[in-house]
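To start, the structure under review is shown below, and the notes come after it.
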Amino acid sequence: MSLLPTNNPLSRSPPYDFSRRQRRSSRSIPVILRRLFRFPQMDFEYALWQMGYLLIAPSRVYKNIYYHKQTKNQWARDDPAFLVLFATLLCTSAVAWGLAYGLGMVGILRAVLFMICVDFLLVGALVATTCWFVSNRFLAHNGMAHANPQKVEWAYAFDVHCNSFFPVFLILYVVQFFFMPLLQRSNYISLLVGNIMYLVSSIWYVYGTFLGYNALPFLVHTELFLYPVGLFVVLFFLSLFGYNVSQHVLSAYFQ
């Protein structure tokens with residue numbers, strides 16, 4: 001009888017290492033990205049509920065993050081239904097604006113890409129990164145020394161941007177569309193109505209951002225996020241001396 005082993009004990013390691021690396025790589029990809037194209041698994045009803053309450057009671061939306069943190073161990077969303085639904089609304093809005101201005105197929109496609117990739121994603125990523133850095137660097141406070149320090153997730157910061165941007169979308173992308181005949185006139189009523197729209201949407205965005213970070217129990221002095229309101233009010237009164245914000249923005253977008 002041979003004393004040498006007939007099977008190499010290391011022969012099983014490559015498949016095992018491969019499966020382990022595969023599991024590690026799947027865990028490194030955020031859940032929301034892995035589920036991005038799995039439409040049957042998305043809860044669109046809950047996403048619509050969130051959108052409705054972001055308009056009438058936004059603080060109620062953030063109350064649910066405590067349950068999400070307890071069950072999923074993260075503050076950020078893991079369901080991309082909100083993002084998919086929001087992107088669909090932005091796409092529909094871009095098509096409507098493009099048809100109204102007669103941009104053609106290429107112009108409409110450019111408007112779709114600009115509204116989704118620049119307005120929503122790029123600007124949102126910059127705002128989320130700034131708020132994420134400020135929150136973790138200056139506002140995070142862990143009361144118990146022996147407890148694990150808690151940090152704001154970047155994905156949660158982007159969720160706050162998405163939530164805050166939804167009222168802005170309704171005002172500037174939907175309501176402004178129906179007021180376009182009035183806003184294109186060269187009179188003081190057009191200037192006043194258009195500038196009020198931009199003031200309200202800006203304040204709503206800032207207030208929504210404040211609610212998002214104020215909902216995290218380990219952050220202090222979150223009223224810092226309300227400070228831009230004063231700047232927006234000052235700019236609004238200065239614009240009443242002849243600067244029509246709506247006309248300038250629409251000209252930059254579609255002309």
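The shortest side-chain heavy-atom distance between Leu55 and Pro167 falls under the 4.5 Å cut-off. Side-chain atoms of Phe165 and Val127, non-hydrogen and from C-beta on, never get closer than 4.5 Å to each other. The closest side-chain heavy-atom distance from Tyr213 to Leu224 is not below 4.5 Å. Between Leu238 and Tyr243 the shortest side-chain heavy-atom distance does not fall below 4.5 Å.
Of the possible donor and acceptor atoms, none in the side chain of Asn195 sits under 3.5 Å from a partner among the backbone N and O of Phe236. No donor-acceptor pair closer than 3.5 Å links the side chain of Trp97 to the backbone N or O of Phe177. Between the side chain of Ser93 and the backbone N or O of Leu89, no donor-acceptor pair lies under 3.5 Å. Between the side chain of Glu153 and the backbone N or O of Ala76, at least one donor-acceptor pair lies under 3.5 Å. Tyr156 contributes a side-chain N or O that, together with a main-chain N or O of Gly212, makes up a donor-acceptor pair within less than 3.5 Å. Side chain of Asp159 to main chain of Arg77: a donor-acceptor pair is present (N/O by atom type, distance under 3.5 Å, no hydrogens or angles). Between the side chain of Ser190 and the backbone N or O of Asn187, no donor-acceptor pair lies under 3.5 Å. Within the 3.5 Å criterion, the main-chain N or O of Thr209 finds no donor-acceptor partner in the side chain of His161. Gln247 places a side-chain N or O within 3.5 Å of a backbone atom of Leu183 that can act as its donor or acceptor partner.
A distance of 9.0 Å separates CG of Leu235 from OG of Ser202, quoted to the nearest 0.5 Å. Rounding to the nearest 0.5 Å gives a distance of 10.5 Å between CG of Leu54 and SG of Cys162.
Here the closest heavy-atom approach between residue Leu83 and residue Phe120 is recorded as CD2-CZ, 4.1 Å. Contact between Ser246 and Tyr198 at its shortest, heavy atoms only, is CA-CE1, 3.6 Å. Across all their heavy atoms, Val245 and Ser239 have their closest contact at CG2-CB, 4.4 Å. Minimum heavy-atom separation, Val61 to Gln50: CG2-O, 3.8 Å. The minimum heavy-atom distance between Phe225 and Ser135, with the atom names listed, is CZ-OG, 3.5 Å.
Using the six-membered ring where Trp is involved, Phe86 and Phe82 have ring planes that are perpendicular, over 60° apart on the 30 and 60° scheme. Aromatic ring pairs are classed by plane angle as parallel below 30°, tilted from 30° to 60° and perpendicular above 60°; the pair Phe218 and Trp75 is tilted.
In the model, Trp154 has a side-chain atom that pairs as donor or acceptor with a side-chain atom of Thr129 under 3.5 Å.
Aromatic ring centroids of Trp49 and Tyr46 lie under 6.0 Å apart. The ring of Phe114 has its center closer than 6.0 angstrom to the ring center of Tyr253.
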Exercise. Please lay out, stage by stage, how Leu219 and Asn214 fare under the test side chain to side chain contact (heavy atoms under 4.5 Å, CB included).
Key: CA-CA 7 Å; Leu219 294 183; Asn214 191 56; over 6 Å; no

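Applying the 6.0 Å contact sphere to CD of Glu223 captures more than 12 heavy atoms from other residues, nucleotides or ligands.
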